[in-house]
Participant: 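Quick one: the structure is below, questions incoming.
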Amino acid sequence: MYTEPRGPHANTGPGREARELIQRCVHCGFCLEACPTYRVLGDERDGPRGRIYLIKQMVEGGSTDAARQHLDRCLTCRACEPACPSGVQYGRLLEIGREMVEDDRPAGERLTRRLLLRILTSPRVFAVLLGIGRAVRPVLPGGLAATIPPGAHATAWPTARHARRMAVLDGCVQAAIAPGINAAAARVLDRLGISLVRVPDAACCGALAHHLGDKARALDAAQRTLNACTVALDAGCEAVVSTATGCGVMVKDYGQLLRSSPALAAKAHRVATATRDISEAIDAVSLARLCPGTIASPRIAFQSPCTLQHGQRLAGRVESLLEAVGYRLAPVEDAEQCCGSAGGHSILKPALARELRARKLAALLDREPAAIATANVGCLAHLGATSPVPVRHWIELVDAALATDQRHAESRPIG
Ligand code: SF4
Ligand code: SF4
């Protein structure tokens, strides 16, 4: 796709980068059927090819309301990237496009986004509001009540006793919604001879701000997380682990995000290359040795978050770990499609998010699994709001399998 350099972005760095990325698109349309928003809405401008065209128009003449609306509907799921034979880096192009539309965003929308960012990236504020929501949940209408995740308790964290240590990110909302996830990861790694320690002062990785096109806040959060992770690595941790795939993909991208900062580029590269999704910190053979999985265990369905399979390109890894401890996995149709959570998307575009969730749940529940496993707290809360079966992080299911006496494996607790 040829782009004529004109307008306010013609000679800017992002404008030039966008032109290079757009050039690779040959209009073939192979990406369309991979795109969840195109499938639901059927509008070319709500698919990757149309959005690339809208970004091209912005590079040539500035942003428009239409461009902003169609880019806002994009889930950043990146399912279009593996479908593209020309290797168009759609995710990077979208980042540039989103920054271009921000300046012309109406004040009301900007305020809503700032408020959302403030609540979701401040663990204390979020925990207080969630506590209030849980307290009034019984008197709320069913639809609204379902959006408030039920109460959950923190579980025991093993004492750090191994020479091998890894550091784990707490995240923003995960500690309030599902405080047992990181503790479960710590117990599983402890059995494998690795102590998991928290990264203090690394509240928000910047993923949500990045997703919402707020570059300044994303960079600020990234810098704080970068400093905290550097301290952990300097103290002897061999890796930084994330149990939320949305955070993991962001931290792994720090090298790219901060590449032009002379002061931070080397540090960002170090932290990015030391970052692992929790599934990369565990190998299936060692896990199987702890739990041979020879007794029939419940059938579950795994929802592979977009940030795991498309963002981090780790499709199939979690599935092999779940099978290593004996779970039987139900096949899931359209497994590459987004569940609709997508950062703040489920709040900012609720109707679209509900439709995507209904489609995803229908696919996940098709073979009547006893539970749904996922790898990202946003997906967990979004699917859990209407799922008739429990939705858990996969590491909690692995932890439960390891903790259950093999003689009673059939009754593993997964609820
Ligand atoms: S990132 Fe996802 S929603 Fe956005 S264009 Fe690509 S496939 Fe469609
Ligand atoms: S598949 Fe790739 S080259 Fe083809 S239209 Fe989509 S982005 Fe462009």
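In this chain, numbering begins with 1 at the start of the sequence shown. Predicted model only: the values in this text are computed from it and were never measured. Just so you know, ligand 1 is whichever comes first in the structure, and atom 1 is the first atom listed for that ligand.
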Participant: Testing H345, R98, H310 for side chain to side chain donor-acceptor pair (under 3.5 Å) with T76, which one passes?
Facilitator: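 Checked H345, R98, H310 against T76; only one passes side chain to side chain donor-acceptor pair (under 3.5 Å): R98.
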
Participant: How far is atom 2 (Fe) of ligand 1 from the closest protein heavy atom, and which atom is that?
Facilitator: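 Minimum-distance protein heavy atom for atom 2 (Fe) of ligand 1 reads C77 SG, 2.3 Å.
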
Participant: Between D72 and R113, does at least one N-O distance fall below 4.0 Å, as a salt bridge requires?
Facilitator: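 Salt bridge present between D72 and R113.
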
Participant: Are T386 and R354 linked by a side-chain donor-acceptor pair shorter than 3.5 Å?
Facilitator: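 The answer is no; no qualifying pair exists.
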
Participant: What's the shortest distance from atom 3 (S) of ligand 1 to any protein heavy atom, and which residue and atom give it?
Facilitator: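 Protein heavy atom at minimum distance: L75 N, 3.4 Å.
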
Participant: Quick test: of every protein heavy atom, which one is nearest to atom 4 (Fe) of ligand 1, and how far off is it to 0.1 Å?
Facilitator: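 In this structure, atom 4 (Fe) of ligand 1 has C74 SG, 2.3 Å as its nearest protein heavy atom.
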
Participant: Find all atoms of ligand 1 within a distance of less than 4.0 Å from any non-hydrogen atom belonging to R78, and give their numbers and elements.
Facilitator: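 Numbered from 1, ligand 1 contributes 1 (S), 2 (Fe).
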
Participant: Would you call R317-E280 a salt bridge at under 4.0 Å N-O?
Facilitator: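 No, R317 and E280 are not salt-bridged.
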
Participant: Just the protein N/O/S atoms under 2.8 Å from atom 6 (Fe) of ligand 2, please, no waters.
Facilitator: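 N, O, S partners closer than 2.8 Å: C31 SG.
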
Participant: At a 4.0 Å threshold, what atoms of ligand 2 neighbour a non-hydrogen atom of P85?
Facilitator: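 It comes down to these atoms of ligand 2: 1 (S).
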
Participant: Thinking salt bridges, do R92 and E95 make one under a 4.0 Å N-O criterion?
Facilitator: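 So R92 pairs with E95 through a salt bridge.
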
Participant: Hey, is R187 close enough to D190 for a salt bridge, meaning N to O under 4.0 Å?
Facilitator: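 No salt bridge links R187 with D190.
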
Participant: We want to know whether T37 and D46 form a side-chain donor-acceptor pair, criterion being a heavy-atom distance below 3.5 angstrom.
Facilitator: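 Their side chains do not contain a donor-acceptor pair, so the 3.5 Å distance test is not met.
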
Participant: Show the atoms of ligand 1 that are less than 4.0 angstrom away from any heavy atom in P36.
Facilitator: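 Per the distance check, 7 (S).
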
Participant: Suppose I only count heavy atoms of C35 and a 4.0 Å limit; which atoms of ligand 1 are within that range?
Facilitator: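 Taking each heavy atom of C35 in turn, ligand 1 has 3 (S), 5 (S), 7 (S), 8 (Fe) under 4.0 Å.
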
Participant: Counting only heavy atoms not in R118, do more than 12 fall under 6.0 Å of its CZ?
Facilitator: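 Open: at most 12 neighbouring heavy atoms sit under 6.0 Å from CZ of R118.
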
Participant: Quick one: which ligand 1 atoms are inside 4.0 Å of a heavy atom on R51?
Facilitator: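 Matching atoms, with element in brackets: 3 (S), 4 (Fe), 5 (S), 8 (Fe).
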
Participant: Could you verify whether a donor N or O on one side chain and an acceptor N or O on the other, from Q174 and T243, lie under 3.5 Å apart?
Facilitator: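 Looking only at side-chain atoms, T243 and Q174 do form a donor-acceptor pair, the distance falling under 3.5 Å.
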
Participant: Does anything in residues 366-376 pair up under side chain to side chain donor-acceptor pair (under 3.5 Å), and if so which pairs, sequence neighbours excluded?
Facilitator: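 Output for this query lists Q303-T374.
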
